[in-house]
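The structure under discussion appears below in the form of structure tokens.
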Amino acid sequence: MSLGKVLTDDAPDVAAEELLTSLMLRPWGQVSPSVYETGRLVSLAPWLIGHRERIDYLLGSQLPDGAWGAPDGYGLVPTLSATEGILSAAMRGDPGADRRRLLPPVERGLGVLTTWLGGRLDLPDMPAIEHIVPSLVALINRHADALGHPPLPLPEGMNYDTLQLVRARVTSGAEVPEKLLHALEIVGEEAAGAPGIRPTAVGTVGASPAATVAWLGERGATDPHEPALEHLEAVVRRHGGPVPVGVPITVFERSWVLSWLLRAGVPIEVPPEMVADLRVAVASAGTPAGAGLPADADTTSMTLYALALLGVPHEPDILWRFRSGVHFSTWPGEQGVSVSVNAHVLDAFGQYVARKPATAPRYEETIADVAAWLRGRQLPDGRWTDRWHASPYYATAACGLALDEFGGDASAEAVRAAVEWVLGSQRPDGSWGRWEGTAEETAYAMQVLLMARMREDPRCVRAADRGHEYLTRAADQEHPPLWHDKDLYAPFAVTRAAVISSSHLARQARPRPLDGTVS
């Protein structure tokens with residue numbers, strides 16, 4: 001059923017039930033294709049099914065200016081990957097890869113890259129970007145002479161040293177950190193059959209098609225019974241050639257979907273198998289987003305929060321391993337910090353205490369510390385920004401709602417400032433968004449307005465109602481990629497849950513006539 005029709009018919013609970021069913025039917029996750037990841041497969045695996053479709057996807061997604069990807073520095077990685085992938089196909093003379101067709105897009109991509117890398121470039125905080133960019137620049141520069149194109153420089157502050165260290169570690173047979181496996185393709189040919197690296201039970205290396213292809217190497221073309229190849233082919237068939245940047249994301253997807261639907265009070269019947277799977281996912285080292293990824297504080301927190309909302313709370317002591325002073329890291333040794341991770345940690349501790357009040361003395365200091373840390377990271381205009389999402393509406397919803405529910409009276413001013421920022425940034429068509437209005441970002445803004453302590457303010461109700469009108473028009477449009485990984489991506493089930501939740505909240509906020517129906 002069309003989500004827009006469901007929202008128009010005032011039945012988001014129907015959409016929620018359909019969404020939960022889809023999670024069970026597609027347990028690897030519902031994720032958008034990635035230009036970066038697809039470009040790596042074009043370059044590394046011309047033997048893999050769907051090769052021509054991947055080339056067509058890259059050609060079809062190039063922007064008029066020659067770039068790929070989003071603005072504000074987000075285009076560098078996908079533009080490097082797409083340019084190098086198409087260039088490799090052209091130089092190899094792959095079947096169906098006519099140079100006359102492929103080289104003009106490459107030239108346009110190189111023109112954009114030359115402009116970007118020749119000036120000052122502010123790059124977003126993306127996973128492994130400090131390794132990915134040098135690896136791709138080096139690959140493109142191998143063909144620079146043949147193209148009559150000057151070599152591309154590296155962005156200011158980047159070098160090849162750390163990339164060489166990573167390659168040396170992988171080829172030495174030393175233990176490779178799990179989070180590095182997600183970007184194993186940066187190692188190049190040395191990644192093939194690297195000692196000490198093995199696919200997971202589902203056949204993936206690092207929950208990444210590109211990393212899995214890099215580990216397979218040429219064996220992928222010669223051993224049709226290799227489990228990793230079977231996994232890749234399944235992913236390719238699911239997406240019609242192009243591939244997502246991360247798969248599977250089973251636990252991440254289920255935890256976020258359930259947390260948002262339950263927090264908003266959407267009436268749902270959760271399959272008992274899903275609840276059991278989440279309980280099993282909480283291991284002694286934490287919870288990973290999916291097979292092949294390391295345990296992280298974000299997924300661990302959201303899983304704990306969802307379990308508490310489901311009435312089966314699990315003590316949150318497992319989160320202590322991610323603590324770093326008065327805040328929490330996504331994983332031990334993280335470079336950088338995330339406000340949304342800490343907001344979710346606050347939710348996990350706070351909801352557990354709400355379910356088990358006798359445990360309050362054990363966790364109240366941590367709750368107070370994290371709340372204070374979040375207040376200290378709020379920007380002067382009232383919003384928050386984050387390293388795991390391109391939109392400030394995601395970060396502001398995460399922080400504002402956690403502080404409103406578990407941050408105490410000391411957080412009242414921070415929550416008020418967040419609400420005021422949301423009110424002041426609504427677009428004329430009723431939407432919210434960083435680059436343009438989107439259903440996903442509008443849903444986050446509506447959550448801030450309708451779940452925080454100012455929710456009865458008439459301004460919040462009116463603004464949210466305008467937002468809901470926008471959602472009914474835009475709910476069936478494709479959600480643009482806004483989530484951070486090696487490339488921006490859209491987890492469609494998660495974004496759909498945000499829209500359903502906000503629609504439910506908007507309906508509940510409408511004035512009710514005397515007969516009790518929703519107006």
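Each residue takes its place number in the sequence, starting with 1.
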Residue pairs passing the salt bridge (Lys or Arg N to Asp or Glu O under 4.0 Å) test with at least one member in residues 292-308, sequence neighbours excluded, are none

- Query: Is it true that R459 and E420 make a salt bridge, defined as a side-chain N closer than 4.0 Å to a carboxylate O?
  - Reply: yes

The salt bridge (charged side-chain N to carboxylate O under 4.0 Å, His left out) partners of E441 (sequence neighbours excluded) come to none

Just checking W384 against Y393, ring centres under 6.0 Å apart?
no

The side-chain hydrogen bond (donor to acceptor under 3.5 Å, both in side chains) partners of E253 (sequence neighbours excluded) come to none

Residues at least two apart in sequence or cross-chain that pass side chain to side chain contact (heavy atoms under 4.5 Å, CB included) with R238, listed by chain then number, are R26

The side chain to side chain contact (heavy atoms under 4.5 Å, CB included) partners of R383 (sequence neighbours excluded) come to L379, D381, T385, P392, T396, W421

What pairs of donor and acceptor atoms, side-chain ones from residues 368-376 against any protein atom, are under 3.5 angstrom apart with sequence neighbours left out?
{"from": "D369", "atom 1": "OD2", "to": "R323", "atom 2": "NH2", "distance (Å)": "3.0"}
{"from": "R375", "atom 1": "NH1", "to": "S411", "atom 2": "OG", "distance (Å)": "2.9"}

So salt bridge (Lys or Arg N to Asp or Glu O under 4.0 Å) across residues 343-354, not counting sequence neighbours, yields R263-D347

For E226, the side chain to side chain contact (heavy atoms under 4.5 Å, CB included) test, sequence neighbours excluded, returns W215, L216, R219, D223, A228, L229

Contacts satisfying salt bridge (Lys or Arg N to Asp or Glu O under 4.0 Å) that involve residues 265-284 (not counting sequence neighbours) are R254-D277

When rounded to the nearest 0.5 Å, the distance separating CD1 of I129 from NE2 of H484 is 9.5 Å

The reported gap from NE2 in H314 to OG1 in T303 (rounded to nearest 0.5 angstrom) is 10.5 Å

| request: Using modelled atom types only, decide if a donor and an acceptor are shared between the side chain of T287 and the backbone of T299 within a distance under 3.5 Å. | output: no

Sequence neighbours excluded, the answer for ring pair (Phe, Tyr, Trp, His ring centres under 6.0 Å) partners of Y363 is F349, Y352

inquiry  = Could you check whether R466 pairs with E469 (Lys NZ or Arg NE/NH1/NH2 to Asp/Glu carboxylate O, under 4.0 Å)?
reply    = no

Taken in chain and number order and not counting sequence neighbours, the residues that satisfy side-chain hydrogen bond (donor to acceptor under 3.5 Å, both in side chains) with E17 are none

Hey, does T438 have a side-chain heavy atom less than 4.5 Å from the side chain of E436? yes

Open item on the list: Under 4.0 Å between a side-chain nitrogen and a carboxylate oxygen: does that hold for R387 and E334?
Closed with: yes

Smallest heavy-atom separation, R355 atom then P313 atom, equals CB-CG, 4.2 Å

Side chain to side chain contact (heavy atoms under 4.5 Å, CB included) filter on S259, not counting sequence neighbours, yields M302, Y305, A306

